[in-house]
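For reference, the structure is listed below as structure tokens.
Quick note on labels: first sequence line is chain A, next is B, and so on, each numbered from 1. Please read these numbers as outputs of a predicted model, since none were measured by experiment.
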There are 8 protein chains.
Amino acid sequence: MHSLTVYLAGQIHDDWRELFRQQTQERGLPIHFKGPQEDHDLSDDIGEKIKGKQPTKEFRDQAASEINNLRTRVWLQKSDVVVALFGDQYRQWNTAMDAALALEAGKPLIIIRPENLIHPLKELTQRAQLVVESPQQAIDALAYLFTE
Amino acid sequence: MHSLTVYLAGQIHDDWRELFRQQTQERGLPIHFKGPQEDHDLSDDIGEKIKGKQPTKEFRDQAASEINNLRTRVWLQKSDVVVALFGDQYRQWNTAMDAALALEAGKPLIIIRPENLIHPLKELTQRAQLVVESPQQAIDALAYLFTE
Amino acid sequence: MHSLTVYLAGQIHDDWRELFRQQTQERGLPIHFKGPQEDHDLSDDIGEKIKGKQPTKEFRDQAASEINNLRTRVWLQKSDVVVALFGDQYRQWNTAMDAALALEAGKPLIIIRPENLIHPLKELTQRAQLVVESPQQAIDALAYLFTE
Amino acid sequence: MHSLTVYLAGQIHDDWRELFRQQTQERGLPIHFKGPQEDHDLSDDIGEKIKGKQPTKEFRDQAASEINNLRTRVWLQKSDVVVALFGDQYRQWNTAMDAALALEAGKPLIIIRPENLIHPLKELTQRAQLVVESPQQAIDALAYLFTE
Amino acid sequence: MHSLTVYLAGQIHDDWRELFRQQTQERGLPIHFKGPQEDHDLSDDIGEKIKGKQPTKEFRDQAASEINNLRTRVWLQKSDVVVALFGDQYRQWNTAMDAALALEAGKPLIIIRPENLIHPLKELTQRAQLVVESPQQAIDALAYLFTE
Amino acid sequence: MHSLTVYLAGQIHDDWRELFRQQTQERGLPIHFKGPQEDHDLSDDIGEKIKGKQPTKEFRDQAASEINNLRTRVWLQKSDVVVALFGDQYRQWNTAMDAALALEAGKPLIIIRPENLIHPLKELTQRAQLVVESPQQAIDALAYLFTE
Amino acid sequence: MHSLTVYLAGQIHDDWRELFRQQTQERGLPIHFKGPQEDHDLSDDIGEKIKGKQPTKEFRDQAASEINNLRTRVWLQKSDVVVALFGDQYRQWNTAMDAALALEAGKPLIIIRPENLIHPLKELTQRAQLVVESPQQAIDALAYLFTE
Amino acid sequence: MHSLTVYLAGQIHDDWRELFRQQTQERGLPIHFKGPQEDHDLSDDIGEKIKGKQPTKEFRDQAASEINNLRTRVWLQKSDVVVALFGDQYRQWNTAMDAALALEAGKPLIIIRPENLIHPLKELTQRAQLVVESPQQAIDALAYLFTE
């Protein structure tokens, strides 16, 4: 059976990706998950950790982004489906960015978003392949790819 | 020996795909078949099953299509050859759609169609890589890829 | 002001394309329309007219399609938007084909279809950029591209 | 002299695009600007205005987005450079979306953002071709393309 | 009316391209023709003429080809349709090359070939968009693109 | 160690491909070879064998080519390098076609040709990645890919 | 007559591009030339000039490059042919970069280099479409595109 | 766990690639490294070794480059990330070429360069995904792709 690679874009402040990993294993789905660095502090520090102290906060951020974007680009290119989760908190421009990169690259995009974000996300969701409200629904859709 | 992935586009009202699976196994051909959801009721219900009750029949259909198209896009992108079967019944616009997606994506397309559909399908068949009248002929052509 | 080229895919049994040409002119929209050969008899005869008598009806159809597809491919590639009109009559596989070619080529697709075709067209419409029920609505949407 | 088409992505609540149009004219730069619908109410209403009353607020938004995205896709594809302006207000996921579509399509992207957005925009800006803090700086950079 | 660019690939030993230029003018077709250098001696000499004397006949040929291929690549990339004429004489590998480059680039290909070449050209013609036996037929097909 | 797939394009009248298979095995190179049907009679008959008797010799050839091209397209798309062998006999338009398809697809192309074909093949060889005179030289070049 | 756009990559320390502009005008060739900023000081200062003082010399260089690369990317994408001139002085990594960008984008590349650079440039020149030793030869080759 | 292929572009005069191979093994990273021929003499001789004595030094270099470029193209196309190391010595136009090929192909590029090369490499580094000063930093960034 063919296996699929799915990129899980979205915030890294809680462990929402766990549900994907766990259910996939329980249901025996041949899916590998990739995503951004989930350790938030490491994600912010990685630039100076590898490249050394930077002259300003802006350049510190830039250094971190060089390495976080390296990671994102490598795994996005290898993924067959991109799942992007939006929530009420944070600006989540990275999530919007990953979602749009998937759109333009022709990769099927699943957006998960709560009802109260319908309006501000309307253009992005209109171009997604599938829009759902919970991670569970996204997992069910991924499972459907393997039913015969 | 390299294996190939073949997408079998077409109606899901009878089990015509069985012949492909069975003969491939009997002749030892390294081919994996993919295709749409073959359980017709599930295919129509899947939207509301995953996303919940929709406000109108049109939006129910739209929800189902989000998920059916997710499936089609994922497996079409992974396929090396697309086989599209047309028959006398049903409108089969999905079949025409999958066939044309294959054309534009540069994937070799095999069309199977009965003689009486020659005229209405003439533009589509003219651009296919191979046009035959029976699944058996399509299987024979796939087998030819592996003769040395 | 930039002008756009719009391909009008769909049946050639009545003059529905006239409304597009007329309103565009009246509203001063910088749009050029392209489409298939609208003279139905010529469309069927063009193969033998150019290539001479063919051995069977099938090969007569094939000859016509070589030339009709030449036309479609040239103008589809030059178009910025594809409009595909579906109606109750005819099989309209050419329309479905042109619509799906547009999808895969990344060209924005507008589908016009009557309410009673919602179900059989559900997968195709789900991937269109815009779905409307009348040519007038499609024209209004095209006009919206030029409002500032 | 070659002219360029530049897409101005960003909020539509004030007339920041005026500066681009005015200075371009004053400095004699051969640049055409395109962008989203700047009449905010029209942008929200356009779906029901063209497609008629929708069953829910969500579907009203979806209808509007079909038409707004039609516009965005057409002009983004025709643009040579994309300028994306971020500000303190609004969620601006459309802006992030347009910026990322430009990135993936290989179109040079200029991001304008105030200093206090450096951190939340760090991944997106790291992949932009140019990051500035004011529209004036973006215009100066566009003018530089034409100095000989 | 949109104009088209058509590349006329094939031998340069007689003036078969004249018929295209002449009829296009007489019938008022908005077509620009491009093609290889038609002065055969110049085509063979151009390498040494520009780059100077080469050490061997092989390197003289290579120098000429650098410049002939420069020309072919530039105009093939700008063409909307490629016409390739095969005849009984010469090896015509350049013609086969240009035809196949068009195929892979997704440009519609018209092949003109006499009846006695049907067998050796069968794979190439099978993938062409249109196969005819005379330049006149190819011109008629090009004219068909402009009938309304 | 990564393995490579190499397509061996060229005549099918003698067993020149044996040398590639044999030396690759002897030298332990991780290369899989693909190519056209090497049984010449089968290659000519395959159309009627699968699709049944055709109305004319031309359509018999066309039927065979549908299936031979299916094979060629599938394996060319999967190959990392294309080797094209030219010789003194036969028209070899298929070989030129496969070579040019490789060029346009960005696949590295190795051409093998005898000295007396330098002139007629000069444009094709100028665009190849490597031009040699014997299969042995092509094999040596492939082996070089794996030296560390 | 079709006009062409040619990008002139290479050092900006003398006015070698003048010869191209002058001869093109004298010979009536429909060619537009584009290239990097030729005012060397402006090229180095442009970052701080537009973006303001930067914290270190490295970030000053980075700011300049953002804007110089914006210019290069825009005009390279619009060019039909890229000419890259190498000389004895300077590191010329920009020139090598522009040349390789052209190669990968499938744009025909002409390299001009003196005899003594044959060895260090051997891999780059081997993939160029044409290699010459003087700007005059490159101009002659461009003129050849327009001979009929 | 997905494995990655990384191409190590740069000079072949010392064994800097060893550190990558060794640390990758020690840290258990699933990375395969590819790169140019590291035996410098073989790299220069390979053309004549395979193709025989060439008429001039220039053509000797050309023959070697045909084969070295064959190698580079094959492995660059298979790589997920390209690392390009610049140093004080040598012209390193091959390194700049490989780096730019990676940029245009959309492959994430890591550049390693000493501080004193900041100015001459500023345009190339500005477009890289990540710029570091030592191989160790590049390895640390590659390791970061696999942290969960």
Side-chain angles (χ1 to χ4, degrees), chain A residues 9 11 36-37 43-44 46-47 56-73 76-77 82 84 86 88-107 109 111 113 115-128 131 133, chain D residues 9 11 36-37 43-44 46-47 56-73 76-77 82 84 86 88-107 109 111 113 115-128 131 133:
Chain A
Q11 47 89 348
Q37 174 55 250
S43 169
D44 275 1
I46 190 67
T56 67
K57 212 159 165 285
E58 172 175 2
F59 290 107
R60 177 182 187 268
D61 275 348
Q62 187 183 287
S65 300
E66 286 184 64
I67 300 167
N68 286 322
N69 281 342
L70 173 69
R71 179 176 170 133
T72 306
R73 288 177 67 188
L76 262 185
Q77 285 186 7
V82 173
F86 287 88
D88 290 323
Q89 293 175 290
Y90 325 110
R91 293 191 182 263
Q92 306 170 92
W93 284 324
N94 284 7
T95 314
M97 174 187 175
D98 292 348
L101 292 175
L103 282 179
E104 187 71 22
K107 293 185 190 286
L109 169 68
I111 288 180
R113 59 106 179 74
E115 237 190 301
N116 60 323
L117 292 185
I118 287 178
H119 187 70
L121 275 174
K122 68 180 192 298
E123 271 80 23
L124 198 45
T125 52
Q126 195 275 325
R127 292 198 57 197
V131 187
E133 293 187 4
Chain D
Q11 48 89 349
Q37 175 55 250
S43 169
D44 274 2
I46 190 66
T56 68
K57 216 159 162 284
E58 171 175 4
F59 291 106
R60 177 182 185 269
D61 276 347
Q62 186 182 289
S65 300
E66 287 184 63
I67 300 167
N68 286 322
N69 281 341
L70 174 68
R71 179 177 172 131
T72 305
R73 288 177 65 188
L76 261 186
Q77 286 186 6
V82 173
F86 287 88
D88 289 323
Q89 293 176 290
Y90 324 112
R91 294 194 181 261
Q92 306 170 92
W93 285 324
N94 284 8
T95 314
M97 174 188 176
D98 292 348
L101 292 174
L103 282 179
E104 187 70 21
K107 292 185 190 286
L109 169 69
I111 288 180
R113 57 106 178 75
E115 236 191 301
N116 60 323
L117 292 186
I118 286 177
H119 188 69
L121 275 173
K122 68 182 193 295
E123 270 81 22
L124 198 44
T125 52
Q126 194 276 325
R127 290 200 56 197
V131 187
E133 293 189 6

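- Counting heavy-atom pairs closer than 4.5 Å to chain A, the top-ranked of the candidates D:Lys57, D:Gln92, D:Arg73 is D:Arg73.
- Counting all heavy atoms, side chain and backbone alike, A:Ala100 lies closest to D:Met97 at CB-O, 3.5 Å.
- The parts of A:Ala105 that come within reach of chain D are both its backbone and its side chain, each placing non-hydrogen atoms under 4.5 angstrom from that chain.
- D:Trp93 and A:Ala96 make their closest contact through CD1-CB, 3.9 Å (heavy atoms, listed as atom of the first residue, atom of the second, distance).
- For the residue pair D:Asn69 and A:Gln126, a side-chain donor N or O sits within less than 3.5 Å of a side-chain acceptor on the partner.
- Heavy-atom distances place the side chain of D:Phe86, and not its backbone, under 4.5 Å from chain A.
- Of the listed residues (D:Asp44, D:Thr72, D:Thr125), the greatest number of heavy-atom pairs within a distance under 4.5 Å of chain A belongs to D:Asp44.
- Only the side chain of A:Asn94 comes within contact range of chain D, with heavy atoms under 4.5 Å apart.
- By the salt bridge (charged side-chain N to carboxylate O under 4.0 Å, His left out) test, D:Arg60 pairs with D:Asp45, D:Glu48, sequence neighbours left out.
- Of the listed residues A:Glu58, A:Glu115, A:His119, A:Gln62, the one with more heavy-atom pairs under 4.5 angstrom with chain D than any other is A:His119.
- A:Leu101 has its side chain within reach of D:Leu103: a pair of non-hydrogen atoms, C-beta onward, lies under 4.5 Å apart.
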Worked check of salt bridge (Lys or Arg N to Asp or Glu O under 4.0 Å) between A:Glu123 and D:Arg91: CA-CA 12 Å; A:Glu123 271 80 23; D:Arg91 294 194 181 261; over 6 Å; no

